[in-house]
Number of protein chains: 2
Amino acid sequence: MERRRADIIAEELEERIFDGTFPDGARLDEVRLAEKFGVSRTPLREALQRLARSGLVELIPRRGAFVRQPGPVELMEMFEVMAEVEAVCGRLAAMRISDEALKDLHDANVKCQAAINALDPDTYYIENERFHRIIYQQSGNSFLASEASSLHRRLKPFRRQQLRLRGRMKQSMAEHEAILNALENGASEEAANALRGHVAIQGEKFHSLMATLKSAAE
Amino acid sequence: MERRRADIIAEELEERIFDGTFPDGARLDEVRLAEKFGVSRTPLREALQRLARSGLVELIPRRGAFVRQPGPVELMEMFEVMAEVEAVCGRLAAMRISDEALKDLHDANVKCQAAINALDPDTYYIENERFHRIIYQQSGNSFLASEASSLHRRLKPFRRQQLRLRGRMKQSMAEHEAILNALENGASEEAANALRGHVAIQGEKFHSLMATLKSAAE
DNA sequence: AATTCGATTTTTGTATACAAGAATATTGAC
DNA sequence: GTCAATATTCTTGTATACAAAAATCGAATT
């Protein structure tokens, strides 16, 4: 599958929005960005539309494209939905998961633990992501898995921050063990609740993180 | 909010895909459609991209745009997700719903029943939709409500068919009553289960409908 | 000095032009 | 007659050109 210029530009812009180069509310000027990327306005507009559909940019007719970072309220809402979606994945996966996938989950957990011991947050993050992605897939519903991945990806930059809170990685690890346990036992509701809690707590951590950042700024 | 030509074209094309004018796998020729709509290729390509994002069209680079009706498997998956999403909405709504919204739900049910008595499936459908939409909103999570609406909309053409099955409207009505009851009592899990079942059964009905259609065609 | 109306300038939305890759047809060999 | 290689045609992706709407700036009036 070949990639169009618009795809590459969309990715690049997404990155810039995530890393804060383009702050919330910033206007994305078509001509300026076009020459910055060395392309014409046509593929750039395509990229903007793609971003608009994934919610990162608001496209106001005859006005332009504006960066739309989700506010605290919307973020909390998204974390809540993420928690519920993961819970659903877990409930279905508990009934459908393969032995091989259980092995993979176990493996991911072992590597997570090793990363914690080695104080290696990057590896931790990668293996953590693998853990969750396996559960999405093992829901046996590829549409659900795809939706879950999409939301996961969208929350990525916000989830990452709260991993820095002290003790969070260790606690998260314990939660993973509980989730794996429930899945091994085919305990649907248990798996669902464990996953819901696991993700919901991330939302709450994020919330308190936001609060401290805000009060620090005042 | 003004509307661009691309918006209008996207809507029109969506309609044509839903009603079967453009069957599954059909190639959507840019130049032909452009002159058909009396516009240039530029806004038409925008419309195609929008449809691609909502999953109705597959955009293959350097190849073109092809209609992608969901197959039976994907449809079942989508119904399963819809059932789970509605269940989540119900669980949250049971904790958060307002008295006024409960009144509205009751009103929608009364009108649904009246429509059944009057053998008026169109009104039934409208009020049924209102019933569900209220629950989405009363989840108190506008992000969730929006996702639910989007999926609801996407499944619309498939849900409509199975309402014709005899006795379905009446049974659906009884399920609505149970859902309303659970919400009134603030019974989260009950509401969730009732809604999950209510929607899941639609998927199953649809499945059997598909099966009969398929065997009839052989 | 502030405000409002108007002209100018930007900037978006759309059309057209062009370039490159894919599909198709044609010709030649076996 | 079939297959393969090449030429031709089509179609997409991108650039540029143009039109219309919005923003900006300025002058005139109060």
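Every chain is numbered from 1 and lettered A, B, ... according to where its sequence line falls, protein lines coming before strand lines.
- Nearest heavy atoms, A:M173 versus A:C112: SD-CB, 3.5 Å.
- D:dA22 atom P lies 13 Å from atom CZ of A:F66, rounded to whole Å.
- One interatomic measurement links the two molecules: CZ of B:R5 to P of C:dT14, which rounds to 6 Å at whole-angstrom precision.
- The existence of a salt bridge linking A:R130 and A:E127 is confirmed by a sub-4.0 Å separation between a basic side-chain nitrogen and an acidic carboxylate oxygen.
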List, with names and distances, any nitrogen or oxygen atoms from the protein found under 3.5 Å away from nitrogen or oxygen atoms belonging to nucleotides 7-11 of chain C.
unit_1	atom_1	unit_2	atom_2	d
C:dT11	O3'	A:R27	NH2	3.3

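- Of the residues in residues 34-47 of chain B, those placing a heavy atom less than 4.0 Å from an atom of DNA chain D are B:R41, B:R45, in numerical order.
- Separating the CD1 atom of B:I60 from the P atom of D:dT11 is a distance of 16 Å, rounded to the nearest angstrom.
- The pair B:R168-B:E175 meets the salt-bridge criterion, with a side-chain N (NZ, NE, NH1 or NH2) lying under 4.0 Å from an Asp/Glu carboxylate O.
- Under the 4.0 Å criterion applied to side-chain N and carboxylate O atoms, B:R196 and B:E84 are assigned as salt-bridge partners.
- Within the 4.5 Å cutoff, the side chain of B:F143 has no heavy atoms near those of the A:P70 side chain.
- Atom pair A:I9:CD1 and D:dA15:C1' shows a separation of 13 Å (rounding to whole Å applied).
- Between A:K36 and A:E30 there is no salt bridge, since no side-chain N of the basic residue sits under 4.0 Å from a carboxylate O of the acidic one.
- The listed nucleotides are C:dA22, D:dA15, D:dA20; the one nearest the side chain of B:R62 is C:dA22.
- A salt bridge does not link A:R5 with A:E46: none of the charged nitrogens is closer than 4.0 Å to a carboxylate oxygen.
- A salt bridge does not link A:E129 with A:K111: none of the charged nitrogens is closer than 4.0 Å to a carboxylate oxygen.
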